[in-house]
There are 2 protein chains.
Amino acid sequence: MVALPSGLLGSLDPTSDRAVFRQIADHLREAIDKGRFAEGAKLPSESELVDHFGVSRMTVRNALSMLQSEGLVSSEHGKGVFVRPRPPVRRLASDRFARRHREQGKSAFTMEAEAAGSRPEVDNLEVKEERPSADVSARLGAPRRVLARRRRYLLDGRPVEFATSYLPLDLARDTPIAQPNPGPGGIYARLEELGHKLDHFEEEIRARMPSPQEIKTLRLASGVPVIHLVRTAYDTKGRAVEVCDTVMAADAYVLSYQLPAT
Amino acid sequence: MVALPSGLLGSLDPTSDRAVFRQIADHLREAIDKGRFAEGAKLPSESELVDHFGVSRMTVRNALSMLQSEGLVSSEHGKGVFVRPRPPVRRLASDRFARRHREQGKSAFTMEAEAAGSRPEVDNLEVKEERPSADVSARLGAPRRVLARRRRYLLDGRPVEFATSYLPLDLARDTPIAQPNPGPGGIYARLEELGHKLDHFEEEIRARMPSPQEIKTLRLASGVPVIHLVRTAYDTKGRAVEVCDTVMAADAYVLSYQLPAT
DNA sequence: CTTGCCCACTCGTCTATACGAGTATGCCTC
DNA sequence: GAGGCATACTCGTATAGACGAGTGGGCAAG
C-alpha cells in the first residue's frame with residue numbers, strides 16, 4: 001500500500017467540532033470540485049483513505065456514503081468509488097409538441113435523439129384497459145375506464161424515462177391508439193385524425209427521490225432524483241383527452257419552457 | 001423495553017439473499033406506505049428495532065439511513081425518527097408573470113402566499129454589483145458587470161427558495177432596480193417603466209441533490225432534492241434584460257406550465 | 001499461446017462496543 | 001408553585017473486527 005500523494009487531500013483538524021466523517025467528505029468534495037479528481041476518475045480506495053486519515057473504515061464509508069447521496073460519486077463493487085460522470089442531458093424544448101413536429105414518420109423521441117447523435121430505444125410496450133387512479137380520473141373528467149399505454153425510453157442503452165399515457169376508453173377503444181404502435185406522429189396525430197384537434201397542454205412538474213421500483217426501472221445511481229411530470233392534453237372543445245404521467249432521471253434532463261409576459 | 005406490537009412490522013426472511021438492512025427498510029417502508037405509521041408519527045426507536053429484528057444497531061441504522069435518503073423519514077437527535085410530513089406545496093402557475101399580477105403593491109410571492117393562507121417572509125436582501133459568471137454572461141449578452149439581487153423566501157418560517165436576479169449594469173445602475181426594495185410590482189414593473197417592455201420569459205428546469213451550502217440555506221431534510229430554475233426575461237426588442245437563478249426546495253413546489261399545441 | 005485458476009484488491013454486510021450529545025420527564029429543593 | 005437537577009431515553013459518532021462477493025491481473029498448467 002503506497003501512501004497517497006500529500007496535498008491531494010488535506011488532513012483532519014482535531015480541534016474542529018465538525019465530525020470526522022464530515023471533514024473527510026469535505027476534503028473529498030473539495031478535491032472533486034477543484035478537478036483534482038476528474039469525471040469518471042477513481043477515488044482512493046477505502047483502505048487508502050483509512051491509512052491517509054488514520055480513522056476506521058466505517059468512518060471512511062460514512063463519508064463516502066454522504067458523497068454518494070449527494071450524487072457526487074458512485075461506488076462499484078469490486079472496482080472502487082468513482083466520480084460520477086455527468087451524462088449528456090436531453091433538453092426538452094417548449095415547442096416540442098408543435099404540430100409541425102408531428103408530421104414525420106418517427107416518434108418525437110426517436111427523431112430528437114438521433115439528431116443529438118444518440119441511439120434511442122423504446123421498450124416495455126404495454127397497452128391495456130384499466131380503472132383510472134383518483135388523480136387520473138379527476139384530470140380526465142371521471143371516465144369509468146381508461147386505456148393505459150406504458151413505455152420506457154432509453155438513450156444509448158441507458159433508461160432515461162418511463163411514461164404512461166391514459167386516455168378515456170370511449171375515445172380510444174377500437175382506434176389505432178389502442179394498438180401497440182399507433183403509427184406516424186404518435187397518439188397525438190391519431191387524436192387529431194379522430195376529430196380531437198389539440199388546443200394546448202398543461203404540465204405539472206415535481207422533483208423527488210425515486211422509489212425502489214423507479215431506481216430499478218431507470219437503473220438510477222444513488223443520489224439521483226427524478227422529475228415527475230404530469231401532462232394533460234386538451235382539445236379545442238376544452239375536453240381533457242389524454243394524461244401522460246412521466247418519471248424522468250433528473251440527471252438526464254433539462255426542461256425548457258416559454259412564458260408569455262402578457 | 002416493551003416489545004413492538006406483533007404484526008406492525010414483519011420479520012426477517014433468513015433464506016432471502018436480500019441484505020438484512022434492506023429487508024428491514026422494506027418492512028418499514030411498507031408500513032409507512034400502508035399508513036401504519038401516519039405522517040409525522042414516530043417510528044420505533046433504534047433499540048426497539050434492534051430487539052424486534054434481533055440485529056445489531058448499525059444494521060438498523062443502515063436501514064433507517066436508506067429511508068432517510070429516500071426522503072421518507074427524518075431523524076431528530078434526542079427525539080426519534082419520524083415519518084416526514086408532506087409540507088404544503090406552493091404551486092407556480094404558468095400565468096404567474098402576467099402583467100395584471102404586477103399591478104399590485106405587494107410582491108407576487110407575498111400576495112400569493114397570503115392568498116393561500118401562509119405567512120410569507122422575504123429576507124437576506126443583498127444587492128451588489130459583480131462580474132457575471134460565464135453562464136449568466138452568455139445569457140445576458142456578455143455584459144462586463146451585472147447587478148445581482150439576492151433574496152430568500154420563507155413560508156410560515158420555513159425557507160422554501162432562494163433566488164438571485166442578474167441585470168446588465170448599464171441597464172440597472174442608478175435606477176430603483178438597484179435599491180434594496182424596488183417598489184410595487186418588483187423589478188419587472190421597473191424594467192417596463194424604463195422602457196424595456198417585457199415580451200416573454202424562458203425557463204430552464206433541472207433537479208438535483210443540494211450542495212451542503214444549499215442544505216443549510218434552505219434547512220433541507222436529507223432526501224429532499226432541489227429544483228434549479230433559471231429564468232431569462234426578454235424585452236420586445238429581443239434583448240435579455242434579466243436572468244433569475246432560483247433554487248427551490250423540491251418538496252415545497254409544483255411547477256405548472258401551459259404549452260400551445262400549434 | 002491459450003486456458004484456467006488463484007490471489008490480491010475492491011466494496012458490501014454485519015457484529016459488538018463505547019462514549020457523546022440532545023430531549024423530555026419527574027422529582028426534589030427552595 | 002417555580003426552578004433546577006438527575007436520569008433515562010433518544011440519535012450521532014467512532015472503533016475494531018470478521019466474512020462475503022465482485023473484479024482483474026498474474027502465474028501455472030496444458
Side-chain angles (χ1 to χ4, degrees), chain A residues 1-4 11-26 28 37 40-69 72-84 212 215 221-223, chain B residues 1-4 11-26 28 37 40-69 72-84 212 215 221-223:
Chain A
M1 180 86 57
V2 182
L4 253 37
S11 52
L12 299 178
D13 173 7
T15 71
S16 165
D17 54 358
R18 189 157 173 81
V20 173
F21 77 88
R22 288 182 203 282
Q23 291 187 49
I24 295 176
D26 291 344
L28 288 167
F37 297 105
K42 184 175 169 306
L43 292 191
S45 75
E46 292 177 357
S47 66
E48 283 171 324
L49 292 171
V50 162
D51 290 350
H52 178 81
F53 289 111
V55 297
S56 80
R57 185 170 162 227
M58 286 310 292
T59 303
V60 164
R61 280 183 64 77
N62 208 342
L64 288 172
S65 87
M66 268 195 87
L67 299 181
Q68 216 172 116
S69 69
L72 265 183
V73 306
S74 67
S75 61
E76 294 178 40
H77 192 169
K79 295 208 246 181
V81 179
F82 300 84
V83 179
R84 213 150 62 75
I215 289 176
S222 60
Chain B
M1 180 86 57
V2 182
L4 252 37
S11 51
L12 299 178
D13 172 7
T15 70
S16 166
D17 55 358
R18 189 156 173 80
V20 173
F21 77 90
R22 289 183 202 280
Q23 290 187 49
I24 296 177
D26 290 345
L28 288 167
F37 297 106
K42 185 175 168 303
L43 292 191
S45 75
E46 291 178 357
S47 65
E48 283 171 324
L49 292 171
V50 163
D51 291 350
H52 178 80
F53 288 111
V55 297
S56 82
R57 187 169 161 228
M58 285 310 293
T59 303
V60 164
R61 281 182 63 77
N62 208 341
L64 288 172
S65 87
M66 268 196 88
L67 299 181
Q68 219 173 112
S69 68
L72 265 184
V73 305
S74 67
S75 62
E76 296 179 39
H77 192 169
K79 295 210 249 182
V81 179
F82 300 85
V83 179
R84 261 233 342 263
I215 288 176
S222 60

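Reminder, nothing fancy here: chain letters follow the sequence lines and each chain counts from 1.
- Picking from D:dC11, D:dA14, C:dG12 the nucleotide with the shortest atom distance to the side chain of A:Thr59 gives D:dA14.
- Between the CD atom of B:Glu46 and the P atom of C:dT17 there is a distance of 17 Å, rounded to whole Å.
- When all heavy atoms are compared, the tightest approach of B:Ala25 to B:Ala63 is N-CB, 3.8 Å.
- Atom-to-atom, CG of A:Asp51 to P of C:dC9 comes out at 12 Å; the value is rounded to the nearest Å.
- The shortest heavy-atom contact between A:Gly80 and A:Lys42 is CA-CE, 4.1 Å.
- Within residues 60-67 of chain A, no residue has a heavy atom under 4.0 Å from DNA chain D.
- At the phosphate of C:dG12, OP1 or OP2 sits under 4.0 Å from a side-chain N or O atom of A:Ser75.
- In this structure, CZ on A:Arg84 lies 7.5 Å from OG on A:Ser222, to the nearest 0.5 angstrom.
- What separates CE of A:Met58 from C1' of C:dG12 is a distance of 10 Å, to the nearest Å.
- In this structure A:Arg61 satisfies the side-chain contact (heavy atoms from CB on, under 4.5 Å) test together with A:Glu46, A:Arg57, A:Met58, sequence neighbours excluded.
- Remark: the backbone N or O of B:Gly223 is not paired with any side-chain donor or acceptor of B:Gln68 at under 3.5 angstrom.
- Atoms CG and OG, on A:Leu43 and A:Ser75 in that order, are 10.0 Å from each other to the nearest 0.5 Å.
- Evaluation of the side-chain contact (heavy atoms from CB on, under 4.5 Å) rule for B:Val20 yields B:Leu12, B:Ile24, B:Val55, B:Thr59 as partners, not counting sequence neighbours.
- Residues B:Leu64 and B:Leu28 have side chains in contact (heavy-atom distance under 4.5 Å, counting atoms from C-beta outward).
- The side-chain heavy atoms of A:Ser16 and A:Gln23, taken from C-beta on, include a pair separated by under 4.5 Å.
- The stretch residues 14-22 of chain A comes close to DNA chain D through A:Ala19, A:Val20, A:Phe21, A:Arg22, each having a heavy atom under 4.0 Å from the strand.
- As a whole-Å value, the separation of B:Lys79 NZ from C:dT23 P is 7 Å.
- Of the candidates A:Asp51, A:Val81, A:Val50, A:Val50 is the only one forming a side chain to side chain contact (heavy atoms under 4.5 Å, CB included) with A:Val60.
- Closest approach to the B:His77 side chain among D:dG24, C:dT10, C:dG22 is made by C:dG22 (side chain taken as heavy atoms from C-beta onward).
- Bending across the helix from C:dC1-D:dG30 to C:dC30-D:dG1, expressed as the angle between its end axes from five pairs apiece, amounts to 10° (10° rounding).
- Taking 4.0 angstrom as the limit, A:Ser45 places a side-chain polar atom (N or O) nearer than this to OP1 or OP2 of C:dT10.
- Nearest nucleotide to the B:Arg57 side chain, out of D:dC11, C:dC11, D:dG17: D:dC11.
- When the salt bridge (charged side-chain N to carboxylate O under 4.0 Å, His left out) test is applied to A:Lys79, the partners found at least two apart in sequence or on another chain are A:Glu76.
- Note: CG (A:Leu49) to P (C:dT10) measures 10 Å, nearest angstrom.
- Proximity of A:Ser47 to the phosphate of C:dT10: a side-chain N or O atom is located under 4.0 Å from OP1 or OP2.
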